[in-house]
Every structure is written in structure tokens, then in C-alpha cells.
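Notes follow once the structure below has been shown.
What you see below is based on every heavy atom in this structure, not just the backbone, and it leaves out hydrogens, waters and symmetry mates. Chain naming here is simple, since letters A, B, ... match the order of the sequence lines and numbering starts at 1 in each.
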2 protein chains.
Amino acid sequence: MNDLSFPNCEFENRAARVQASMRHRELDALVLTAPANFRYFTGLDSQFWESPARPWFLVIPAQGSTIAVIPEIAEVAMKQCVAGSIKTWPSPRPEDEGVTLLASVLESVPRRFAKIGFELGRESFLRMPVLDFLRLRDLLSGVQIVDGAPCIWEVRNIKSKAEIEKIRLAGHIVSHSFEAVASYASKGMTEAEVCRSLTVDILQKGAHSVPYVACASGQGGYDQIIARGGQRELRDGDVLIIDVGATVDGYFCDFDRNYAVGKVADRAMRANEAVWDATEAGIKAARSGVKVRDLWQTMMRVLHAAGMRGNNAGRLGHGLGLQLTEPPSNCEADEAMLEPGMVITIEPGMEYEEGKLIVHEENIAITEDGFADVLTIRAPREMWRLS
Amino acid sequence: MNDLSFPNCEFENRAARVQASMRHRELDALVLTAPANFRYFTGLDSQFWESPARPWFLVIPAQGSTIAVIPEIAEVAMKQCVAGSIKTWPSPRPEDEGVTLLASVLESVPRRFAKIGFELGRESFLRMPVLDFLRLRDLLSGVQIVDGAPCIWEVRNIKSKAEIEKIRLAGHIVSHSFEAVASYASKGMTEAEVCRSLTVDILQKGAHSVPYVACASGQGGYDQIIARGGQRELRDGDVLIIDVGATVDGYFCDFDRNYAVGKVADRAMRANEAVWDATEAGIKAARSGVKVRDLWQTMMRVLHAAGMRGNNAGRLGHGLGLQLTEPPSNCEADEAMLEPGMVITIEPGMEYEEGKLIVHEENIAITEDGFADVLTIRAPREMWRLS
């Protein structure tokens, strides 16, 4: 056992799975730079990613152990994590920020397919300056740089039982905190004040961080769901939504709750219940072997029957794990099929009148038996009330 | 006046400054994707960046008003921010995630130099899949894609008085919270427990978010400064360090405090005072017209005289603002010169015995008069004590 959030076998299993996928996709190595990928394979728990001065690289060869190519400042912390070997450079050094060291490490990796994967594709960003990436590409002779994202998502999208328990714990903490909102929030408070109290309560109940709090309010509904809570004061007839992404050992829950402030218009209450029903239909439909587009279709039918005018989110839920959102997207265009170990949000929402949105969200895992295991404490069908 | 954190004239001034820099550097347009750059020019306050599913683009032409090219879900929130016009696409749509729309917008920008800047260089990451960037580059005929980072940092590195007041407020909130640690932290508590209480206190005192908390402890010093606080229990003779990046309206303070747990070895106390003295020397040396490398040299002299063995951070401070760290780096290789409006950390640290580090940090702004205005409440020369 180590001092990380998982036993060593968890990390060994992740490495073995990604290496199998790499060999299948004919990659000699995978180079990772993004915080969630670094944490997934090494266990590193750091918020040092907030500083853009220094890139970090994790090299996973198709066989054998990983090589962390990292700035000197990171060496001691890295030694307490999972990495086969560690190479460092003195950083910051903008004129060669790890580029030649990484190139020399990659030259030493055995070549069978002459292909190396980087985080270039779907829902992936390279956490290094693009100019350095292009320079590195030029330094690597006789090797093709290709997209490693399919490899990464194939592995990360199937969660272990231990990972699912982290998300469940986050989901339960935030569920209890959401329920407690009614005990302190009321008319006259600003959105920002409610969000601050909620964030504090989530931390006090045991979450490790609260990187995402979106909040909006308006008469009978809200007109967007992505901004932070502002200086708007809650008033009679408002519907308040708060959407929270909080973590336990890096794993996110991501779901929202709606609150009725005083007396809310009947049509808003009915729209809210319709969206709750769509959530229920989504949870019931989420089974192993079902395509996410069918899940989307099931929820859309309920929303359309309730008078949906639109939904600018472009999807009704998504994967989650070490990131607030991960593939797949529950939408018409996504080919993904649900499998045991996948964790997704069920997130129907609709504009039921112009400028009035209602959005619900719960988190589920697909069990070995193929059913949906709800990781959040299900919202009541009728909104909680604030006085 | 708007509902943003700054009056409109602040944003107008930012746009005018970056456009002057663009014309000087012969750019027809600048395309921004990173959260801090988006917020800097539009005022957008959202944590939606946690979701990697959808890129956002802000196009700043060399003359005229900005064009936000964003996913549909962001339109309503964007309308409350500063943008000349808004173009949207239905997202997620991985096969064309804004790429052709952005290309058509860029084709419509007047061409004088046939050069467009992107966030490609120093301390910049492109928040879009690299494959999409390369595809976009191919779509843009007759135009050169170049590094826009020098333009961006030239403007962002000089803060307005209003920006500096945000950082000062964050610095004062966290200073008071650091001082309060001694009232609840003591032997037997874990690092993680202390960090949680501190984070809650910082939020309750009015900071908007606390994205960075690093913590370490050890007998007479610590061996790294970047990991999150763990399950290690504080014991007699420890030095505890906590390093916090907290925000007000998106602006970071970034500084640390050291605590002596019970009776700490004399040599650790002396090392601590030497690092305090180096900080003091750094603050006094930080004046308009001084190069950051000279500032670094001034602090290094004090540390070497005190028996410094090493420092793997590679620098003794850095810029800060909308990011926890920004250029320049206070180190030998950096050519930057201090100017009025620059905000930097003064961050000397040393390994005084093997595996025993002591690091201090304060935040300063360079005033119109050319002196250092300390934005944090200066640490006492002798460490605060925990019983």
C-alpha cells in the first residue's frame, strides 16, 4: 500500500489496459501532459497545474514502465507517486522547456510501429506550448506523431469499482449539502452568497475541492447555466439553480438542484416536474448495451411531450470522472454505447418558455449487471422551497 | 457601468492596448482560447472551463471590435460580457467544433499583414484540440499563423490600479486567514485537515475561489512545496508550510506562510530568518528599471551567505494576476525589467540541509513612483507557532 488514493494494483491495472490499447492501435509510446491524465496514471495530487510556467510529461511505452519527464521542482513529489523512472530538467528554461530531454527519452523507447501518441484529439488539450510541440515533432526523426486521445478515453471511460466509490462519495456529500441549502438560503440573498455558503458546507462535509459552481436564477426559470452566481438577489417567484462539480481524491460528481423561491408560477412547477420525469426515464433507460443516442432520444421524447422549445446545451449529459465532463456526449451524433463501468450524467433540460430554462442532473454508473446505479441522492420531484 | 468586476473603460483600455501591440507586431488578428485571456478581454466569470467538451474563441482584430466565436450554450452568458459581436455553433459537434465558423470569421477580418496570432508560445496553452488547430491552419489560405503570446503578456503584465486592488484584497484576506491558523491548528492534526479549515476561512473572509493550496511539513523543514496537504500528522519540531493561491474577481494572490510546530531546531529557525531577510532584500530591491535577474541576484546573495545548498524551483518569484503564475520569472535567464504596474511575487527559498527547504513569499506591485507596494501583510520575521 502507498500513500496515494488507490492501492498500487489500481495503477498497474490502468497501465496494463492502456498498453494493451496502445499495442492494438500500433503506438510505441504515449506522451501525456494534461493534469487528469497525469493523475490517472501516477496518482499525483497537486494543484501546481495552476502555474503554466512548466510543462510535465509522462511517457508510457507500449511495454515496460513509465518515464516521468518533469521539471526539477516536481521530483520529490513525483517520487511518492507511481512512475517507473524520473528524468528532470532545471525549469523554468523557456528556450528548452523539457523539449530536448523529452525527445531523447522518446528516442530511447523501442520502435516497432514508429508511431507516438499525444493528446491531440477529442476533448484533449496539450498542456505545453504548441511551438514546443511542433519543435519536438521536428526533433523526432522517423516517427509519426498521432492522436493518442482514443487510447486514453478507451481506458479512462471504464471506471473501476474504487473509482466509482470516489464519485459516489462526492455525489453523496454534495447531495447532503444541496439539501441543506433550504436551511440558510432565502429571499434577498444574492446568488453569490448562497454559492459561498454551499461551497463552504461541501468542504466541511469532506469534499477535497469544489472547482465548479455555476448558478443562475430568474422568474420561473433561468436563461443560462454556466456563469458563476452574481449579485442578483433572490425574489419571490424565482427558480434558483446551482450546478456543482466537487471532488474526492480528484474524482468529480457533477449535478445540479433547483429551488423554488416563495411562490413560483404553476407552469414553472409543471416544467420542473416534466424535467424530473425525463431524468427518471433517462435513469431507467441507461443500461449496458444501450447507445447514448437512444438514451438521449428517450429523454427528448419526455421533454418534447412537455412542450420543450429548445436546449442550447447540445446534449443531455456526458461522461465524468477525473474531469467535470468527459466523453461520451448524450446526443444524437455520439456513437458510444453504455458498458459496465461507465459513469455518466443524466442531464435533461429544456427552455419551456422564451428565456426560461429548467435543467436537472444526476450521476449514474453502469453496474456489472448492466443497470444504472445512481451515485447521487435523487432530487425530489417537487423542487425544494426557499422562503 | 455593467455587472462585471470592472467598468467598461477598463475593457476598452485593454482592447486598445492589445490592438496597439498587434499593429506594432504586424498582426491582423489575435485568436484567444485560454480562460484567463477570455476573462481579461470580456469579463466572463465562469468555471465552465472545467469542461473540455467545447472550445471558445475570441477574435480581436487589429482595428474594430472583438468577435466571440462560442458554443451556443455560452451565448446568453456572453451577452452580459464585453464582446463586439457573437457567433455561435451548436456544440458538442466533434467533427467540426467551431473550426469552420472560426475560419470564416477570420477570413472576414481585414488583412494588412496576412498574420494572425494564436496562443502558441511562452507560458501559453491552446485550449482546443491540436488536430483542430492544424486543420484550421490549413483552412486559412494566404495567412501566416504566428505566436500571439508576446502581445498578450506585454499587455497583461502591466496591471491597472483596479486590477492591483483586486490582488491586494485577495492578499489581505489570505493574510488574515494565515494568521488565524495558529488559533486552530496544532500537533496531531493532519496537513489536509489544516488546509481544509484554512480554505473554508479564506472563503468565509470573502475570497471568490481558492484554486491553489499546497502544503508540506517535516522536521525542521520540508522536502517539496507543490503537493496538496496529505495525511501526515503535525509533530513537535516540524516546520509546516502552506502556499495559497486565492482569487478576488479572478485575480490571484499567491504566497505562503511557515509555522513552527512546538519546539523547532535552532538551525531551522535561523534558516527561516535568513529567508525572511532575503525576502526583505527582494522587496527593497524591487524598483522600476531593475531587471528581474538583478532582483534574483540580490536575494541569492542573502541566501548563499546563509548557507544555501540549492533551490529546485529554478526562480525566486514570478508575475501574477489572472493566473497563479505569469511571466516574468525572477531568475538569471530572464531579461525582463520591472515597470510601474507589474505585480510579482518575491519568493526566496533554500534547501539549508539535505531534504530541508524553507520558502517564503510575498506579493508586490511596482507603483507609479517606481517602488514596491506590498500587497500582502508581511510575515513576521519569526515563524508563527503552533502548540
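Contact count against chain A (heavy-atom pairs under 4.5 Å) is highest for B:Arg228 among B:Arg228, B:Glu123, B:Glu72. The choice from B:Gln231, B:Arg196, B:Gln224 that makes the most heavy-atom pairs within less than 4.5 Å of chain A is B:Arg196. Of the listed residues (B:His208, B:Gln204, B:Arg122), the one with the most heavy-atom contacts under 4.5 Å to chain A is B:His208. Comparing A:Thr199, A:Asp132, A:Val210, A:Val200 by heavy-atom pairs within less than 4.5 Å of chain B, the highest count is held by A:Val200. Counting heavy-atom pairs closer than 4.5 Å to chain B, the top-ranked of the candidates A:Phe252, A:Trp49, A:Tyr212 is A:Tyr212. When the candidates B:Leu203, B:Thr33, B:Asp254, B:Ile225 are compared by the number of heavy-atom contacts under 4.5 Å with chain A, B:Leu203 comes out ahead. For the set B:Pro94, B:Ala77, B:Ala74, the entry with the most heavy-atom pairs within less than 4.5 Å of chain A is B:Ala77. Among B:Gly245, B:Cys331, B:Ser209, B:Pro211, the residue with the largest count of heavy-atom pairs under 4.5 Å with chain A is B:Pro211.
Proximity to chain A (any heavy atom under 4.5 Å) is shown, for B:Leu44, by neither the backbone nor the side chain. Proximity to chain A (any heavy atom under 4.5 Å) is restricted, for B:Arg54, to the side chain, taken from C-beta onward. Interface remark: B:Ala313 contributes backbone and side-chain atoms alike to the contact with chain A (heavy atom separation under 4.5 Å). For A:Ala34, no part lies near chain B; criterion is any non-hydrogen pair under 4.5 Å. Residue B:Ala36: no heavy atom, backbone or side chain, is found under 4.5 Å from chain A. Contacts between A:Ser51 and chain B at a heavy-atom distance below 4.5 Å involve backbone atoms as well as side-chain atoms. Heavy atoms of A:Arg93 lying under 4.5 Å from chain B are absent altogether.
Among all heavy-atom pairs drawn from A:Met128 and B:Phe125, the shortest one is N-CD2, 3.5 Å. Nearest heavy atom pair, residue B:Ser329 against residue A:Pro92, reads OG-CG, 3.6 Å. When all heavy atoms of B:Gln47 and A:Val213 are compared, the closest pair comes out as OE1-N, 2.8 Å. Nearest heavy atoms, B:Gly121 versus A:Leu131: CA-CD1, 4.1 Å.
Between the OG1 atom in B:Thr247 and the CD atom in A:Glu50 there is a gap of 9.5 Å [rounded to 0.5 Å]. Atom CE of B:Met78 sits about 9.0 Å away from atom CD1 of A:Ile226, to the nearest 0.5 Å. Within the model, atoms CG of A:Leu134 and CG of B:Leu120 stand 7.5 Å from one another, a figure rounded to the nearest 0.5 Å.
By the ring pair (Phe, Tyr, Trp, His ring centres under 6.0 Å) test, A:Phe133 pairs with A:Phe118, sequence neighbours left out. Applying the ring pair (Phe, Tyr, Trp, His ring centres under 6.0 Å) criterion to A:Trp153, with sequence neighbours excluded, gives no partner residue. Take B:Tyr222 and apply the ring pair (Phe, Tyr, Trp, His ring centres under 6.0 Å) test, not counting sequence neighbours, and it matches no residue.
Among residues 315-324 of chain B, the residues having any heavy atom closer than 4.5 Å to a heavy atom of chain A are, in sequence order, B:Arg315, B:Gln323, B:Leu324.
For the pair A:Gln80/B:Asp223, a side-chain contact is recorded, criterion being any heavy-atom separation below 4.5 Å from C-beta on.
In this structure, B:Lys205 places its NZ atom where more than 12 heavy-atom neighbours from other residues, nucleotides or ligands lie under 6.0 Å away. More than 12 heavy-atom neighbours from other residues, nucleotides or ligands sit within 6.0 angstrom of CD on A:Glu95.
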